[in-house]
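Inspection log for the structure reproduced underneath, given as structure tokens.
Model, not experiment: these values are computed from the prediction. Hydrogens, waters and symmetry mates play no part in the numbers below; they use all other heavy atoms, side chains included.
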Protein chains: 2
Amino acid sequence: MTEEVKAEELKSKLSNRLYTDSLYYDVKLTEKFSKMLGLQLFSKLNSPVSPEEFLVLDVTYSNPDICQRDLAKLLVKDRANTGRLLESLEKKEFIKRVVDVKNNRLVKKIVLTEEGDKVLHDVMAKVFPVFDKVSEKFTDEEIKFTKDILKRMRDTFKDIVELQI
Amino acid sequence: MTEEVKAEELKSKLSNRLYTDSLYYDVKLTEKFSKMLGLQLFSKLNSPVSPEEFLVLDVTYSNPDICQRDLAKLLVKDRANTGRLLESLEKKEFIKRVVDVKNNRLVKKIVLTEEGDKVLHDVMAKVFPVFDKVSEKFTDEEIKFTKDILKRMRDTFKDIVELQI
DNA sequence: ATAAGTATGTTGTAAATGCAACATGTTTTT
DNA sequence: AAAAACATGTTGCATTTACAACATACTTAT
């Protein structure tokens with residue numbers, strides 16, 4: 001086989017490669033379905049919080065007294081969006097933002113209210129079973145394996161992507 | 001162990017479960033990093049199309065003369081968003097929308113222009129190598145396995161989620 | 001001591017999203 | 001034949017997004 005033919009084949013292969021065949025598009029599509037299920041569930045349940053607000057409650061619950069920027073880092077959201085989600089949650093009285101000092105700097109620490117705690121666990125009780133139905137299709141090993149792959153993928157992304165939080 | 005204690009433990013476990021520990025949050029986070037890498041790459045390259053527009057070109061390329069609704073189904077986007085992305089691509093003259101008849105109904109078939117084809121492959125040539133760097137961290141087996149798991153997950157979601165396309 | 005840099009939070013903006021509602025036709029039911 | 005349902009595409013709207021730019025206030029460099 002000549003070099004020319006090889007190069008032609010390579011070129012052909014390259015131009016026939018599709019983004020939609022990649023693992024990254026699989027991840028994108030899967031997240032889209034998962035997100036839509038969340039949206040539809042929260043809507044059907046008349047949840048007082050959106051899926052993203054629920055996420056904030058979830059992380060706040062497991063990280064009491066965290067300040068906004070540290071919360072943003074955990075959420076992998078920028079400070080602007082984190083602040084807006086918190087503003088909405090505070091307006092609904094599911095959290096309070098308490099001004100405090102950390103490293104000699106003013107920060108706003110997030111405190112879950114009783115009502116916020118209640119909403120978090122109410123939503124969990126209704127939403128978890130639905131997602132559990134999906135998880136039933138997989139073995140514990142499969143889930144563990146996939147979580148590991150995705151974590152390694154994120155770690156690789158972190159070296160390339162500029163996160164400004 | 002009494003039933004009461006068991007129930008107490010179960011309740012405790014339930015309330016200690018976190019959404020952020022779930023596989024679905026892993027998928028969400030991973031997609032977020034992947035999306036951000038795409039955004040930053042396209043921006044750095046001064047790409048004439050956004051990542052979502054690139055996706056439309058990718059699917060149009062591999063499905064010539066597809067109509068808007070069928071394209072929407074492949075993209076798993078609703079008709080409204082698909083139409084808006086196409087409107088933007090047509091304005092930039094990367095596609096044309098040709099009115100045609102299918103099943104005795106008027107449809108708009110999507111045709112990639114020469115310029116659109118060029119942009120698609122230019123962007124591919126610049127973006128694929130970056131994502132390939134990430135893929136290098138995984139064996140072919142791992143990628144195949146993960147794609148399979150995610151596909152099964154989507155198939156399960158499809159039975160639960162209402163897709164109105 | 002002054003300047004430059006950093007930390008924290010806010011406001012503005014453009015893109016993409018899903019859903020609802022609409023317009024306009026064609027089928028199917030009744 | 002009239003009514004209901006469906007197919008296709010569009011417009012409007014509220015949510016979420018990332019990024020840029022800003023306001024304060026503190027730290028570090030010069």
DNA chain D: 5'-proximal contact among B:Lys28 and B:Val107 (nearest heavy atom): B:Val107
Within the 4.0 Å heavy-atom criterion, would you say A:Ser50 contacts the bases, only the backbone, or no part of the nucleic acid? sugar-phosphate
Describe the nucleic acid contact of B:Lys35 in one word from base, sugar-phosphate, nothing, applying a heavy-atom distance below 4.0 Å. nothing
Could you measure the distance from the CG atom of A:Leu18 to the OH atom of A:Tyr25? Nearest 0.5 Å is fine. 11.0 Å
Other cluster members, B:Val98 - Ile/Leu/Val/Met/Phe/Trp/Tyr, side-chain contacts below 4.5 Å: B:Val111
Starting from A:Leu106 and following side-chain heavy-atom contacts under 4.5 Å between hydrophobic residues (I, L, V, M, F, W, Y), which residues can be reached? A:Val99, A:Val101
How close or far is atom [atom2] of [N] from atom [atom1] of [X], stated in whole angstroms?
X        : N      : atom1 : atom2 : result
A:Arg69  : C:dT10 : CZ    : C1'   : 13 Å
A:Asp100 : C:dT8  : CG    : C1'   : 13 Å
A:Leu37  : C:dG18 : CG    : C1'   : 14 Å
B:Leu106 : C:dT26 : CG    : P     : 7 Å
B:Lys102 : C:dT26 : NZ    : P     : 16 Å
A:Asn104 : C:dA7  : CG    : C1'   : 12 Å
A:Ile110 : C:dT8  : CD1   : P     : 13 Å
A:Leu86  : C:dG9  : CG    : P     : 9 Å

Give every residue pair that meets the salt bridge (charged side-chain N to carboxylate O under 4.0 Å, His left out) criterion with at least one member in [range], sequence neighbours excluded.
range                       : result
residues 37-51 of chain A   : none
residues 135-145 of chain B : A:Arg152-B:Glu142
residues 47-56 of chain B   : A:Lys28-B:Glu52, B:Glu52-B:Lys77, B:Glu53-B:Lys92
residues 81-90 of chain A   : A:Glu90-A:Arg97

Partner set under side-chain contact (heavy atoms from CB on, under 4.5 Å) for B:Leu74, not counting sequence neighbours: B:Val59, B:Asn63, B:Ile66
N/O-N/O pairs, protein side and nucleotides 19-21 of chain C side, under 3.5 Å:
residue, atom, partner, partner atom, Å
C:dC19, OP1, A:Gln40, NE2, 3.2

Is it the case that the side chain of A:Thr30 and the backbone of B:Arg154 share a donor-acceptor pair, with hydrogens and angles ignored and the cut-off at 3.5 Å? no
What does the list of N/O pairs under 3.5 Å between the protein and nucleotides 1-6 of chain C look like, with a distance for each?
residue, atom, partner, partner atom, Å
C:dT6, O2, A:Arg105, NH2, 3.3

B:Lys109 meets the salt bridge (charged side-chain N to carboxylate O under 4.0 Å, His left out) criterion, sequence neighbours left out, with B:Asp100
From CA spacing to verdict: salt bridge (Lys or Arg N to Asp or Glu O under 4.0 Å), A:Arg17, B:Asp132: CA-CA 12 Å; A:Arg17 252 184 93 185; B:Asp132 287 347; 2.8 Å; yes
Residue closer to the 5' end of DNA chain C, A:Ile165 versus B:Leu85 (nearest nucleotide): A:Ile165
Give the first and the last nucleotide of DNA chain D, reading 5' to 3', that has any atom under 4.0 Å from a heavy atom of chain B. D:dC6 to D:dC19
Ring pair (Phe, Tyr, Trp, His ring centres under 6.0 Å) with A:Phe138: which residues, sequence neighbours excluded? none
